[in-house]
Each structure stands twice: as C-alpha cells, then as structure tokens.
Amino acid sequence: MKNIKFFSLLKPTLMVTAIICSTLSLHNCADLDEDPLVANLIPLSYSNTAELGVSVTGIYSRLREASQWSTFFVNGWSGDDITTHKVSNKADFREFDQRSITNENSRISGNWRDIYAMIRAANTTLENAVALEALVDPEQIEIRDRLLGEVYFLRGAMFYHLARVHGRIPLPLTSEPELDISLSSIEEVYTQIESDLLKAESMLPELYPKTPLGAPRPNSGSARAILARLYLDWAGFPANDNSKYVDAAASAKQVMDNAGNHNFGLVENLEDLWTLENRFNSESTWTIAYSVPNELHNRKYGKLGNPSDLDGWAETFAEIRFFEDFPEGARKEATYRTDHDWENFKDQAAPVFKKIVGPAGDIPLTDFNTNRNDFYLRYAEVLLIYSEASARSGNTNTDAWEALNKVRRRAAGLPYNNTYPTPVPQRILNASGIWENHPTLMYSDVTSGDLAELTFTERKWELAGEWLRWNDLVRMERVDQALSNRDPQVSRNANGDLLPVQNAIMGSLGTDNYFAPIPKREIDLNPNLAN
C-alpha cells in the first residue's frame, strides 16, 4: 500500500475542477464527480505524472482560496488611487488607507496564512516528485517538467506577492514545519524569488497546451514578465540595487520580442479588458481564473466597488484627488464610471472604478460572486517596465520610446501601432455614450524629455485601481510626496461644498512605515519573526 500524505483542503471536490476549468476555458466547465480520496489524499512519492497533476491542482485550489478575496490585494489601499469606506466594517482596509497598520490586522493575518498554506503545498509537491526524475518516456518528461515549472512559478510568485506587502519574510523551502524560522534579508528574499522564476521559465513551455488567452496556466513568458517586475522593484527601495534596471529592461524586452509565441499583446480597446466577455484576453501575462458555476468565485469586483446608493458593499472606491488629476480621454472613461453622480452619493462621495464594477450592466449587482478574472500582470505593464528600466539604466532608445507611446496611444483612444508625430484628436465618450473625436484634447507621440519620469507617470494612470500604485511609490520612495497631496481641489456636492478626503492619513509616511508588520499571531507562535 502506498504511503499517503493528507492535504486539508476546504473543498476536495473543487481541486480537480479548478485546474481543469482553467485548462479548458471555464466557460462551460462542468463539476466533476471524482472520488474525494483521489483529490484529498496524495501519495508520499509520486509514481506517475497524473499524481503530480492532482497535487498541482491542489496548489491552484489553495491559490484560489487566497486570491478570491480583496484581502489578497490589501496593500493596494495604501496607494493614492484607492480608498475604502470611511466607517462600516472596513477597518482593516482603512488601516492601510491611513497608513496605520497594526499587527493584529485580520487581513494581513489571513493573507499570510493562506499564502503560506499554498507555499507549503508547493514544497510538498516538489519533494514528492523526486521519484519522477527517473522517467524516460519523452512525453511524460514533458508533462512532468511543465507541471513542476508551474510549482516553481506559483511558489516564486507568492513569495514575491507577500514580500511586496511585508518586505522581509521567512522562506520555508521544505514541507516540514520550521518552528523557529527567521525572517530572511530582502536580498535573500529577492534571490529566492528569482531562482524559482528562472526554474519555472526553463521548465514551462512557450505556450501551455489547451489553455485560453491570458495564461491561466503560466508559460515561460509569464515567468519572465514577473521577473521583469521583480527586477524593477529590486532596483528601488529597499534593496536599491540600481544594476537591476538592466535586468528589468532585458527581461521585459525578452517578453516583448517573444510576445507572439506566448499569445501576449495589447487589446485594441482598454474598455474591453473590464468586461466579463473578455476575461480571457491576450493582455494578461498571467491570469487567476474563476468560475461561479463551478463555485470558483471571485469576490473582489462588481458589488464591492459600489456604494450602498447603488446597492453595493462599499469596499473599493477611487480617491477623489487622483480622479481629478487623471487626464481626460479614453483611458479615464475606461477606468472610472463617469456616468455616476458620485459627488452626491449619500453613502460616501467617491468616484467608482469601472475596473472594479465593470461597464454599465456587465456585472450583476445581485451577488458579490463574479466570473471576473484577475489579470496579475498586464502586457501594458511589461511595455512600461521596459521603457522605465531602459531609461533608468541609461539606455534611452527608440524601442523604449515606442513602448511608452503604444500605451499612450491606446490611452488616447487611438490605434496603438500607428505613429502620431503631429497632434491628432483624442477619442472620448460623449453624453450619449458614443465614442467621438474631441477637438480640444490632442495627442502626439513623445520622443524627448525624461523618459523614466514620463513612464513612471504613465504607470500611475495606466494601472490605477489595480492595487499596484503603492508598490511604485515604495520603490521610488515617493509615499510622502503622493499621500501628502490628496485634498480634493474642485469636486463639490450639490450644495457647493468642497468634498473632503475620506480617510485622512494617521500613520507615518516615512520609509520606516512602508511595509506591513508581521502578523501578531505568527510572532506569538515564533518570536524569531519579530526581528
């Protein structure tokens, strides 16, 4: 009889469903009536790739348990683009919004627990797969390698995801609990993430078989895209290793040069990204997929981005000053629901993110469960990483300007592959909801100036509302600059009163407060995590 290792998954019947749904399409995936023992009991040492595949499925199940909630992106409320409800039950989000995070914050505690559960599952899978090194059949070797590539990818991505919240974190690399493990240095953390992602890249195919657009099963380009983001962070605070700008640019360029092989590319219309119909698309370089019919819910979008005036749950709002400063044009219309009279909401006067609630009529407000996928890193960000990192490494070149201009053209409502050396009208939505050229809003390509700073600002607008802005402010040490300047300037209610900041800053804006504390529960269990 085989030795058995138990996985305490909450819903065993979802394990196989989750990965098969993401492999096929999630559009019409039926529930599978598998034997729960097959899903919940994994051999201590795998004898074939089918057993390895079931274990990888379990890791995805763990990922979904963590990622389905807004908690997964809790750090995003620290940015100057996102805010939350000023009262109600959003206290844990407000702590990030106001930069006053306690180590008893339930969101960081839950996030820590869920992500490390996934990392432990990855470690167990890697250990149990050692026996598969003896495989000789080429087809089975190919299957083994891409499955193991996924494991390294998922572990590296989650170490990175948690490091962006806490900075220094522990790095457990075995399935056995290390009760006295200590925090690793930021260099050790980044080096481990790099190692995992490089292994993943070497083992993953250019295109994962039978997988829809958006890489819900990551490919080698997915790993290289996240490496590009890692190197950009590595070059900034807190590591401040400027040599990594070269690596960031080179990694982003590698993804760009091979985009066709990975099925990556910009979508023509930014508005299309936020519709349910286009939840699988070429722009996402890694997609975390969901399916309500199969009880694989996403609980971050739709209802949670609306105030109670619109039957919402008032969790994720847009900052007023950021909205005021946002350049007019197609991208602003694709980012916000500008059709709302948000200045006069009785619940909380704040703009509504179209990126969160979807276009009018797209995501029903009857339920907080949605089919929306998470686009963990978009191809537009790859272009902007290349542009900024090239400039900061001293290599301001034609390709870097073109990468920036592609994003800017689409933001103006123009075909991104055309060039515009002279000004042309931008496109905006008119009062009837029809796109038309605006005679006073003009666009032309940029080919001079401070490319690094132009691109940094472009990231501000392009990635607004995607829980990413805070990380940019941290790496460039611009938190104080951004969060000290949040007072609304022109937005007034029907009485003519200037609207206030909804959640005023309470904590330090210094570098000593850039990262969230380690959860108290973890320190109580292991005091070594206090240092």
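All values derive from a computational prediction rather than experimental measurement. Residues: numbered from 1 along the sequence shown.
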Looking only at the aromatic ring of each residue, does the gap between the centers of [Y] and [X] stay below 6.0 angstrom?
X: F96; Y: W77; answer: no
X: W461; Y: F322; answer: yes
X: Y336; Y: F323; answer: yes

Worksheet item: Taking E466 as the fixed residue, which of K300, K460, R378 is the one that meets the salt bridge (charged side-chain N to carboxylate O under 4.0 Å, His left out) rule?
Response: R378
Going by atom types only, do [X] and [Y] share a side-chain donor-acceptor pair under 3.5 Å?
X: E194; Y: Y231; answer: yes
X: Y290; Y: R64; answer: no
X: S393; Y: N395; answer: no
X: Q481; Y: N485; answer: no
X: T84; Y: R94; answer: no
X: E201; Y: Q254; answer: yes
X: T83; Y: D97; answer: yes
X: H340; Y: T338; answer: no
X: E324; Y: S491; answer: yes
X: D114; Y: Y116; answer: no

Partner set under ring pair (Phe, Tyr, Trp, His ring centres under 6.0 Å) for [X], not counting sequence neighbours:
X: Y376; answer: H161, W286
X: Y386; answer: none
X: Y379; answer: none
X: H85; answer: none

Pairs under 3.5 angstrom only: tabulate donor-acceptor contacts from the side chains of residues 504-514 to other protein residues two or more places apart or in another chain.
residue	atom	partner	partner atom	Å
S508	OG	G510	N	2.9
S508	OG	D512	OD1	3.3
N513	ND2	R99	O	3.0
N513	ND2	S508	O	2.8

Determine, for [X] against [Y], whether the closest basic-nitrogen to carboxylate-oxygen distance falls under 4.0 angstrom.
X: E319; Y: R486; result: yes
X: R492; Y: D497; result: no
X: K199; Y: D196; result: no
X: E315; Y: K90; result: yes
X: R392; Y: E453; result: yes
X: R469; Y: D81; result: no

Discussion item. Rounded at 0.5 Å granularity, tell me how far CG in N298 sits from OG in S67.
Written reply: 7.0 Å
Worksheet item: When rounded to the nearest 0.5 angstrom, what is the spacing between CG in N471 and OG in S78?
Response: 9.0 Å
Run the salt bridge (charged side-chain N to carboxylate O under 4.0 Å, His left out) test against [X] and tell me which residues pass, sequence neighbours left out.
X: R164; answer: D233
X: E402; answer: K406, R409
X: R372; answer: none
X: R168; answer: none

Worksheet item: For R299, which residues count as a side-chain hydrogen bond (donor to acceptor under 3.5 Å, both in side chains) partner, sequence neighbours excluded?
Response: Q68, H297, N369
Fill in: Under the side-chain hydrogen bond (donor to acceptor under 3.5 Å, both in side chains) test, residues paired with Y152 that sit two or more places apart
none
Practice prompt. Mind jotting down which residue pairs meet the side-chain hydrogen bond (donor to acceptor under 3.5 Å, both in side chains) criterion with at least one end in residues 264-274? Sequence neighbours excluded, please.
Written response: E271-K354
Item to complete: Check step by step if side chain to side chain contact (heavy atoms under 4.5 Å, CB included) holds for I119 and F159.
Response: CA-CA 8 Å; I119 289 169; F159 275 143; 3.5 Å; yes
Worksheet entry | side chain to side chain contact (heavy atoms under 4.5 Å, CB included) between W401 and S387, intermediate numbers included | CA-CA 7 Å; W401 284 108; S387 178; over 6 Å; no
Discussion item. For I101, is there any backbone N or O sitting under 3.5 Å from a side-chain donor or acceptor partner on N105?
Written reply: no
Worksheet entry | Derivation and outcome, salt bridge (charged side-chain N to carboxylate O under 4.0 Å, His left out), residues E381 and R229 | CA-CA 9 Å; E381 185 180 356; R229 182 192 275 179; 2.7 Å; yes
Worksheet item: After noting the C-alpha distance and the side-chain angles of D341 and N344, does the key distance pass the side-chain hydrogen bond (donor to acceptor under 3.5 Å, both in side chains) rule?
Response: CA-CA 6 Å; D341 181 21; N344 294 296; 3.1 Å; yes
